[in-house]
Q: 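Have a look at this one before I ask anything.
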Number of protein chains: 2
Amino acid sequence: MEKKVTIYDLAKRLGVSPATVSRSLNDHPSISLKTKSKVMLAAEETGYRINKFASNLSLQKSNTIGVIVPKLNSDFMSTVLSGIEKIANDAGYNLIISQSLESEEKEKFNTKTLFESGVDALLVSLANETKTYDHFNTFTNRKIPLLFFDRVINIPDCPTIIIDNLRAGYDATKHLLDQGCRNIMHITHGLNRSAYYQRYVGYKKALDEVKLFEIENLLVLDQFNSREIDSVIAKITASPEPIDGLFVTNDTFAVYCIKALLKAGYRIPDDIKIIGFNNDPVSEVINPELSTIEYPGYRMGVLAGQSILSHLNGSINIESADQILLKHQLIIRQSSRKTTN
Amino acid sequence: MEKKVTIYDLAKRLGVSPATVSRSLNDHPSISLKTKSKVMLAAEETGYRINKFASNLSLQKSNTIGVIVPKLNSDFMSTVLSGIEKIANDAGYNLIISQSLESEEKEKFNTKTLFESGVDALLVSLANETKTYDHFNTFTNRKIPLLFFDRVINIPDCPTIIIDNLRAGYDATKHLLDQGCRNIMHITHGLNRSAYYQRYVGYKKALDEVKLFEIENLLVLDQFNSREIDSVIAKITASPEPIDGLFVTNDTFAVYCIKALLKAGYRIPDDIKIIGFNNDPVSEVINPELSTIEYPGYRMGVLAGQSILSHLNGSINIESADQILLKHQLIIRQSSRKTTN
DNA sequence: ACTAATTATGCAATCGGTTACATAGTTTTT
DNA sequence: AAAAACTATGTAACCGATTGCATAATTAGT
């Protein structure tokens with residue numbers, strides 16, 4: 001069992017004061033080179049490690065960034081996190097990651113513990129359930145940088161990073177219309193989150209443009225899990241006007257749909273054309289390959305990290321809340337291709 | 001800008017000592033109910049929040065668990081993390097997550113920063129590159145609980161959580177043999193990590209049993225990324241004896257293989273039967289559906305979390321290093337089905 | 001050689017909670 | 001009613017690093 005060694009131990013060993021040791025270790029200019037190297041050597045020899053608790057307490061900062069996401073295990077989210085981690089780590093920050101599991105309750109709890117843990121900044125992608133935002137006041141009141149990404153809410157002075165969801169929803173729907181679809185069903189998550197709501201608005205806008213707003217056909221799902229597939233198929237088969245297009249705001253679920261529809265005897269894209277969202281790896285695996293909207297997850301993570309770091313470094317005026325809008329991209333594959341007949 | 005309120009502020013406000021405040025907030029038995037509720041009320045009113053830095057410094061613990069994984073954005077790893085997070089969070093622990101990106105250098109660095117951050121325990125899945133393990137000494141020397149999962153190394157007193165990789169490799173290979181394959185290629189990651197090495201041993205063992213050890217056919221890849229696919233196809237087409245089976249230790253890559261082979265004109269499973277590893281969601285999306293080995297990621301995460309928590313609570317004798325072996329399961333799908341001809 | 005400027009180091013307070021030990025106030029015991 | 005046993009609270013040291021200010025040691029200036 002190694003004993004813990006502190007700057008006091010080093011000080012005693014070298015016959016200097018703890019202050020000198022501290023300054024040496026932090027490369028303070030007013031310490032002579034000779035002393036510095038003496039200290040460094042002793043630190044090396046004794047296996048000295050700084051005690052961050054003490055340091056943090058003294059400096060009032062933790063070099064830690066908190067992250068709250070709805071769910072760790074989705075391709076999109078883990079990709080975003082990977083980007084955040086890369087940037088944070090390279091800058092010497094640690095990342096405390098927690099998941100809300102789409103629960104407002106848990107999001108509040110996590111916000112509280114992360115605050116108490118003294119994170120220097122907080123990055124959040126909101127739970128679908130969340131309807132109140134007071135729990136973030138602890139951060140805004142103390143002017144601790146707070147940033148929202150993907151699932152955002154507008155709070156004064158809090159930057160947001162999103163894609164143009166309205167436009168993306170419009171593009172996806174417009175594409176299906178261009179391919180000849182006339183009765184497009186929109187399958188999406190709770191519209192409580194603006195990301196999803198905006199896609200819906202885009203969907204409607206595209207329909208409106210071709211005077212198809214009457215046959216808007218919306219299906220909102222609680223989760224995007226495979227158990228919900230039956231209700232989808234039921235709704236499609238029960239439709240008085242046959243559904244000929246599907247805009248699903250999640251690739252994984254779109255893939256479930258394709259599989260279920262094929263099984264039910266529908267031809268894709270001949271009978272029903274489908275477009276998903278996110279450009280998850282699965283979209284290229286399914287047959288027919290899934291058209292989708294490319295959502296730049298890694299870049300989003302990197303930008304979120306960089307944005308929050310520049311706030312922490314003060315290189316950006318904290319007052320100037322910025323909104324970063326990433327470009328999405330329509331990716332056309334087989335699942336929505338117009339069939340020549 | 002809210003001012004920070006400390007136990008000293010509360011003490012002054014209530015005319016008691018900071019010690020009383022501290023004890024009240026921690027529900028210490030020797031404080032009268034009247035005083036306790038007075039303190040709690042005041043804490044509520046003033047918006048008091050404990051300062052974890054101070055608390056941690058005093059208590060010498062952080063309620064934080066460190067995690068190092070090779071890569072955040074894989075379905076398997078994010079699922080494991082999700083399980084760990086669930087357990088840790090429910091027990092009031094925060095999770096600091098970092099990724100080594102398969103680099104020994106970065107793994108060392110992360111180990112150091114996590115140590116300095118004062119994590120109460122460390123969970124590690126090793127980078128593929130890692131060949132030395134001294135960087136974990138800081139933890140073992142101080143008897144800070146250290147656990148390895150999935151990609152493990154045996155260090156005295158450090159529990160490990162794995163599946164029986166040898167058996168899994170054997171099962172996968174045996175299955176292909178049972179389906180009639182006689183020239184099975186094994187595509188895997190660097191054999192430096194025992195997880196992969198054991199699968200390879202299992203593969204060989206199955207071949208040995210049917211006296212096929214002569215035509216062992218091994219392909220080791222650095223990464224499992226799509227750029228390596230060409231070399232795979234090249235090796236398969238160049239084989240003097242036609243390859244009729246493929247055991248790939250990663251579903252995602254197995255899926256790439258299927259797509260490339262189909263494109264190259266091979267019929268699956270007729271010409272080549274394929275089995276993957278992990279039971280990633282993609283395995284059910286590809287056509288033909290991919291046979292695979294079910295790897296219980298979420299359970300692994302949950303068990304890793306529980307194991308480390310019990311060590312922290314001292315409810316398990318720290319000296320008794322345990323090894324948890326999870327059951328895998330052979331999942332047979334279309335990609336390896338014997339064709340009746 | 002003597003003062004001024006510069007460089008290197010130490011002193012001591014501070015960050016905010018925790019807790020062993022001491023003490024004052026109450027209740028129980030005999 | 002005095003001693004014993006609790007109960008409730010306060011005192012003060014401690015956790016380990018940081019840093020403004022003071023001071024000692026060295027060098028430069030005239």
Side-chain angles (χ1 to χ4, degrees), chain A residues 2-40 42-43 46-64 92 113 115-120 138 142 144, chain B residues 2-40 42-43 46-64 113 115-120 142 144:
Chain A
E2 252 174 45
K3 66 288 155 211
K4 190 168 4 193
V5 14
T6 72
I7 55 168
Y8 295 92
D9 300 327
L10 291 181
K12 197 172 300 167
R13 185 181 221 258
L14 297 170
V16 299
S17 76
T20 301
V21 174
S22 173
R23 290 195 180 98
S24 296
L25 293 169
N26 290 308
D27 204 23
H28 190 285
S30 79
I31 299 289
S32 73
L33 227 77
K34 197 167 46 147
T35 309
K36 257 180 209 170
S37 49
K38 213 171 51 179
V39 171
M40 296 309 271
T46 56
Y48 166 83
R49 298 293 175 124
I50 191 173
N51 181 320
K52 288 274 185 192
F53 302 152
S55 174
N56 289 342
L57 175 58
S58 187
L59 294 172
Q60 304 287 326
K61 83 189 279 288
S62 65
N63 263 278
T64 295
T113 47
F115 177 80
E116 287 173 352
S117 301
V119 294
D120 295 335
T138 36
R142 302 264 172 92
I144 300 171
Chain B
E2 253 175 44
K3 65 288 153 211
K4 191 168 3 194
V5 13
T6 72
I7 55 168
Y8 296 92
D9 299 327
L10 291 181
K12 197 174 299 168
R13 187 182 221 256
L14 298 170
V16 298
S17 76
T20 301
V21 175
S22 174
R23 290 196 180 97
S24 298
L25 294 169
N26 290 308
D27 204 23
H28 190 286
S30 79
I31 298 290
S32 73
L33 227 78
K34 196 165 47 143
T35 309
K36 257 180 209 168
S37 49
K38 213 172 52 179
V39 171
M40 297 308 272
T46 56
Y48 166 83
R49 298 294 175 121
I50 192 174
N51 181 321
K52 287 274 184 191
F53 302 153
S55 173
N56 289 343
L57 175 58
S58 186
L59 295 172
Q60 304 287 327
K61 83 188 279 288
S62 65
N63 263 278
T64 295
T113 46
F115 176 80
E116 288 172 352
S117 302
V119 294
D120 295 335
R142 304 264 171 91
I144 301 171

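These numbers come from the heavy atoms of this one structure, side chains and all, not from hydrogens, waters or symmetry mates. Lettering of chains follows the sequences in order, A, B, ..., and the numbering in each one begins at 1.
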Q: With a 4.0 Å cutoff (strictly under), does any side-chain N or O of Lys52(A) reach OP1 or OP2 of dA17(D)?
A: no

Q: Would you indicate what Val21(B) reaches in the nucleic acid, counting non-hydrogen atoms under 4.0 angstrom: base, sugar-phosphate, or nothing?
A: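 Nothing, no heavy atom under 4.0 Å.
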
Q: Under 4.0 Å: is that the gap between some side-chain N or O of Ser22(A) and OP1 or OP2 of dT19(D)?
A: no

Q: Once rounded to the nearest 0.5 Å, what's the spacing between atom CG of Leu10(A) and atom OG1 of Thr20(A)?
A: 11.5 Å

Q: Of the non-hydrogen atoms in Val119(A) and Ser62(A), which two are nearest, and what is the gap between them?
A: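 What the structure gives for the nearest pair is CA-OG, 3.7 Å.
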
Q: When the distance from CG of Asn51(A) to P of dA17(D) is rounded to whole Å, what number comes out?
A: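 So the two atoms are 6 Å apart, to the nearest Å.
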
Q: Would you kindly give the CG-to-P distance between Leu14(A) and dA8(C), to the nearest whole Å?
A: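 Rounding to the nearest Å, CG of Leu14(A) and P of dA8(C) are 17 Å apart.
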
Q: Without decimals, in angstroms, what is the distance between Tyr8(A) OH and dA13(D) P?
A: 15 Å

Q: Need to verify one output field. Residue with the more 5' nearest nucleotide on DNA chain D, Pro29(B) or Phe53(A)?
A: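 The 5'-side residue here is Pro29(B).
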
Q: Rounded to whole Å, how long is the line connecting atom CD1 of Ile7(B) with atom C1' of dT11(D)?
A: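 In whole Å, dT11(D) C1' and Ile7(B) CD1 are 13 Å from each other.
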
Q: Checking all strands, does Leu25(A) fall into the base, sugar-phosphate, or nothing category for heavy-atom contacts under 4.0 angstrom?
A: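 Nothing: the residue Leu25(A), judged by heavy atoms under 4.0 Å, touches no strand.
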
Q: Any side-chain N or O of Thr20(A) under 4.0 Å from OP1/OP2 of dG10(C)?
A: yes

Q: Looking across every strand, which nucleic acid part, if any, lies under 4.0 Å from Thr6(B) by heavy atom: base, sugar-phosphate, or nothing?
A: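 Contact class for Thr6(B): sugar-phosphate only.
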
Q: In whole angstrom, what separates Leu59(B)'s CG from dT18(C)'s C1'?
A: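 From Leu59(B) CG to dT18(C) C1': 6 Å.
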
Q: Between Ile31(B) and Ser58(B), who's closer to the 5' end of DNA chain D by nearest nucleotide?
A: Ile31(B)

Q: If every non-hydrogen atom of Lys4(A) is compared with every non-hydrogen atom of Asp9(A), which pair is closest and at what distance?
A: O-OD2, 3.5 Å

Q: Would you say Lys61(B) has more than 12 foreign heavy atoms packed within less than 6.0 Å of its NZ?
A: yes

Q: Take the protein atom CZ of Arg49(B) and the nucleotide atom C1' of dC15(C), then report the distance between them rounded to whole Å.
A: 20 Å

Q: Between dG10(C), dA8(C), dG17(C), which one does the side chain of Ser17(A) approach most closely?
A: dG10(C)

Q: Rounded to whole Å, please give me the gap between CG in Asn26(A) and P in dG20(D).
A: 13 Å

Q: Between CG of Asn51(A) and CG of Asn56(B), what distance do you get to the nearest 0.5 Å?
A: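 So the CG of Asn51(A) and the CG of Asn56(B) are separated by 9.5 Å.
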
Q: Can you measure Leu57(A) atom CG to dA13(C) atom P for me and round it to whole angstrom units?
A: 17 Å

Q: What nucleic acid atoms does Asn56(B) come within less than 4.0 Å of, heavy atoms only: base, sugar-phosphate, or nothing?
A: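 The residue Asn56(B) makes no contact with any strand.
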
Q: Please determine whether a side-chain nitrogen or oxygen atom of Ser32(A) lies at a distance below 4.0 Å from atom OP1 or OP2 of dT9(C).
A: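 So the side-chain polar atoms of Ser32(A) do come within 4.0 Å of the phosphate oxygens OP1 or OP2 of dT9(C), strictly under.
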
Q: Mind checking if Gly118(B) touches a base, just sugar-phosphate, or nothing, with heavy atoms under 4.0 Å?
A: nothing

Q: Check whether any side-chain heavy atom of Tyr48(B) sits under 4.5 Å from a side-chain heavy atom of Leu25(B), and report yes or no.
A: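 Yes, at least one pair of side-chain atoms sits under 4.5 Å.
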
Q: Kindly indicate whether the side chain of Arg23(A) and the base of dG10(C) share any N or O donor-acceptor pair separated by less than 3.5 Å?
A: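 Answer yes: a donor N or O sits under 3.5 Å from an acceptor.
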
Q: Between Ser55(B) and dT18(C), is there a side-chain N or O to OP1/OP2 distance below 4.0 Å?
A: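 The answer is yes; a side-chain N or O of Ser55(B) sits under 4.0 Å from OP1 or OP2.
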
